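Comments concern the structure below.
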Amino acid sequence: MKKDDCIFCKIANGEISSKALYEDEDFRVILDLGPATKGHALILPKEHAANLYELPDELAAKTLVLAKKMATIMTEKLQCDGFNLVQNNGEAAGQTVQHFHMHLIPRYENDGQKINWIPGEPSQEELEEIKKQITE
Ligand code: 5GP
Ligand code: ZN
């Protein structure tokens, strides 16, 4: 199902034009308008899901297969040196468009970008507590 007021629904389904790199019955892959690096692209499912939690399993599985295919093609064509897959869920995690998407970010030596975090220093006890919280 499409969502009427969703810009990525409109782009994914071709109602708003985009620089599309790939399309099939489930997805459109487009160039990001605010790229982190040359070639930064987004995988958009045509069906609306706000985030990973809402995405049907079958589309979740197909997303990673497509990401691998696009990363392989883009690495060859762009001659990039590395590749990040990024997928944000929720505003706290940096999601700004509430339609599931996966970022395909080619990386180049000295491209100046940082997709990073500050590493914590948890004790073994803290790690054990977190493990329990998640698994019990
Ligand atoms: P998020 O922060 O939600 O993970 O990523 C949203 C991404 O969508 C951003 O990288 C932003 O540059 C991109 N974006 C937002 N609106 C548009 C648009 O209308 N067209 C395209 N091609 N990219 C967009
Ligand atoms: Zn949508």
Side-chain angles (χ1 to χ4, degrees):
M1 282 290 282
K2 286 189 291 164
K3 192 162 174 278
D4 280 346
D5 58 349
C6 175
I7 185 161
F8 278 6
C9 277
K10 290 190 171 76
I11 293 174
N13 290 280
E15 290 164 35
I16 293 178
S17 69
S18 61
K19 298 288 183 210
L21 305 179
Y22 173 87
E23 186 189 358
D24 64 22
E25 61 177 354
D26 296 312
F27 300 97
R28 192 181 298 256
V29 180
I30 63 165
L31 287 178
D32 195 299
L33 282 185
T37 63
K38 179 183 165 189
H40 180 171
L42 302 169
I43 296 179
L44 307 180
K46 293 183 175 180
E47 184 179 324
H48 182 82
N51 48 45
L52 183 65
Y53 310 111
E54 287 188 7
L55 192 68
D57 285 357
E58 191 191 343
L59 282 177
K62 285 181 175 176
T63 298
L64 194 57
V65 174
L66 180 54
K68 178 183 172 185
K69 177 178 171 143
M70 292 306 303
T72 302
I73 293 169
M74 291 165 74
T75 299
E76 187 194 327
K77 300 277 190 183
L78 295 169
Q79 291 286 292
C80 58
D81 304 304
F83 214 96
N84 290 117
L85 301 181
V86 176
Q87 201 278 304
N88 301 323
N89 296 282
E91 285 180 24
Q95 186 178 9
T96 58
V97 181
Q98 308 306 314
H99 173 123
F100 173 91
H101 50 281
M102 182 173 279
H103 294 262
L104 304 169
I105 307 179
R107 299 302 302 274
Y108 307 88
E109 297 291 348
N110 304 315
D111 63 22
Q113 286 292 354
K114 278 197 171 36
I115 298 171
N116 230 331
W117 57 86
I118 301 162
E121 294 179 358
S123 64
Q124 285 300 312
E125 291 74 24
E126 285 170 316
L127 290 174
E128 186 60 30
E129 193 52 43
I130 296 162
K131 180 187 137 183
K132 278 190 187 156
Q133 197 177 345
I134 295 169
T135 58
E136 288 180 4

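None of the values given here were measured: they were computed from a predicted structure. Atoms within each ligand, like the ligands themselves, are counted from 1 in listed order.
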Original post:
Does ligand 1 have a heavy atom under 4.0 Å from the side chain of I7, from its backbone, from both, or from neither?
Top reply: side chain
Original post:
Nearest to atom 1 (P) of ligand 1, what protein heavy atom do you find, and at what distance?
Top reply: H101 NE2, 3.1 Å
**OP:** Could you tell me whether the side chain of N51 and the main chain of Y53 form a donor-acceptor pair under 3.5 Å?
**Re:** yes
Original post:
Is there a donor-acceptor pair closer than 3.5 Å between any side-chain N or O of E136 and the backbone N or O of Q133?
Top reply: no
Subject >> Atoms in ligand 1 with a heavy atom of I11 nearer than 4.0 Å >> reply: 18 (C), 19 (O), 20 (N)
Original post:
Distance-only, no hydrogens or angles: does the D81 side chain make a donor-acceptor pair with backbone N or O of E109 under 3.5 Å?
Top reply: yes
**OP:** Would you mind running through ligand 1 and noting each atom that sits below 4.0 Å from a heavy atom of H103?
**Re:** 1 (P), 4 (O), 5 (O), 7 (C), 10 (O)
Original post:
What atoms of ligand 1 come closer than 4.0 angstrom to any heavy atom of Q95?
Top reply: 3 (O)
Subject >> Backbone of A92 reached by a side-chain donor or acceptor of Q95 within 3.5 Å >> reply: no
**OP:** May I have the step-by-step check of side chain to side chain contact (heavy atoms under 4.5 Å, CB included) for L59 and F100, ending in yes or no?
**Re:** CA-CA 11 Å; L59 282 177; F100 173 91; over 6 Å; no
Subject >> N13 side chain vs C9 backbone, donor-acceptor pair below 3.5 Å >> reply: yes
Original post:
Evaluating non-hydrogen atoms only, which member of D32, L33, N89, V97 is closest to atom 18 (C) of ligand 1?
Top reply: L33
Subject >> Protein heavy-atom partner closest to atom 22 (N) of ligand 1 - residue, atom, separation in Å >> reply: L31 O, 2.9 Å
Subject >> Trace of the ring pair (Phe, Tyr, Trp, His ring centres under 6.0 Å) decision for H103 with H101 >> reply: CA-CA 7 Å; H103 294 262; H101 50 281; 5.2 Å; yes
**OP:** Kindly give the atom name of the N, O or S atom of H48 closest to the Zn ion (ligand 2).
**Re:** ND1
Original post:
With a 4.0 Å cut-off on heavy atoms, is I16 touching ligand 1?
Top reply: no
Original post:
So which bit of N88 gets within less than 4.0 Å of ligand 1, heavy atoms only: side chain, backbone, both or neither?
Top reply: side chain
**OP:** Select one of side chain, backbone, both or neither to describe which atoms of F8 lie under 4.0 Å from any atom of ligand 1, heavy atoms only.
**Re:** side chain
**OP:** Please write down residue, atom name and distance for the protein heavy atom closest to atom 2 (O) of ligand 1.
**Re:** G94 O, 2.8 Å
Original post:
Under the 3.5 angstrom rule, does the side chain of E54 hit a backbone N or O of A50 as a donor-acceptor pair?
Top reply: yes
Original post:
Taking non-hydrogen atoms only, is K19 closer than 4.0 angstrom to ligand 1 via side chain, backbone, both or neither?
Top reply: neither
Original post:
Going by the order shown, which atoms of ligand 1 are within less than 4.0 Å of some heavy atom of T96?
Top reply: 1 (P), 2 (O), 3 (O), 5 (O), 6 (C)
Original post:
So is S18 in contact with ligand 1, going by heavy-atom distances below 4.0 Å?
Top reply: no
**OP:** Start with the C-alpha distance between N110 and Y108, add both sets of side-chain angles, then the distance that settles side-chain hydrogen bond (donor to acceptor under 3.5 Å, both in side chains), and finish with yes or no.
**Re:** CA-CA 6 Å; N110 304 315; Y108 307 88; over 6 Å; no
Original post:
Can you check whether A12's main-chain N or O pairs, donor with acceptor, with R28's side chain at less than 3.5 Å?
Top reply: yes
Original post:
Any idea which part of Q87 is under 4.0 Å from ligand 1, heavy-atom wise: side chain, backbone, both or neither?
Top reply: neither
Original post:
Counting N and O atoms only, with roles assigned by atom type, does the side chain of Q113 sit under 3.5 Å from a partner on the main chain of A36, one being a donor and the other an acceptor?
Top reply: yes
Subject >> Heteroatom of H99 nearest to the Zn ion (ligand 2) (N, O or S, atom name) >> reply: ND1
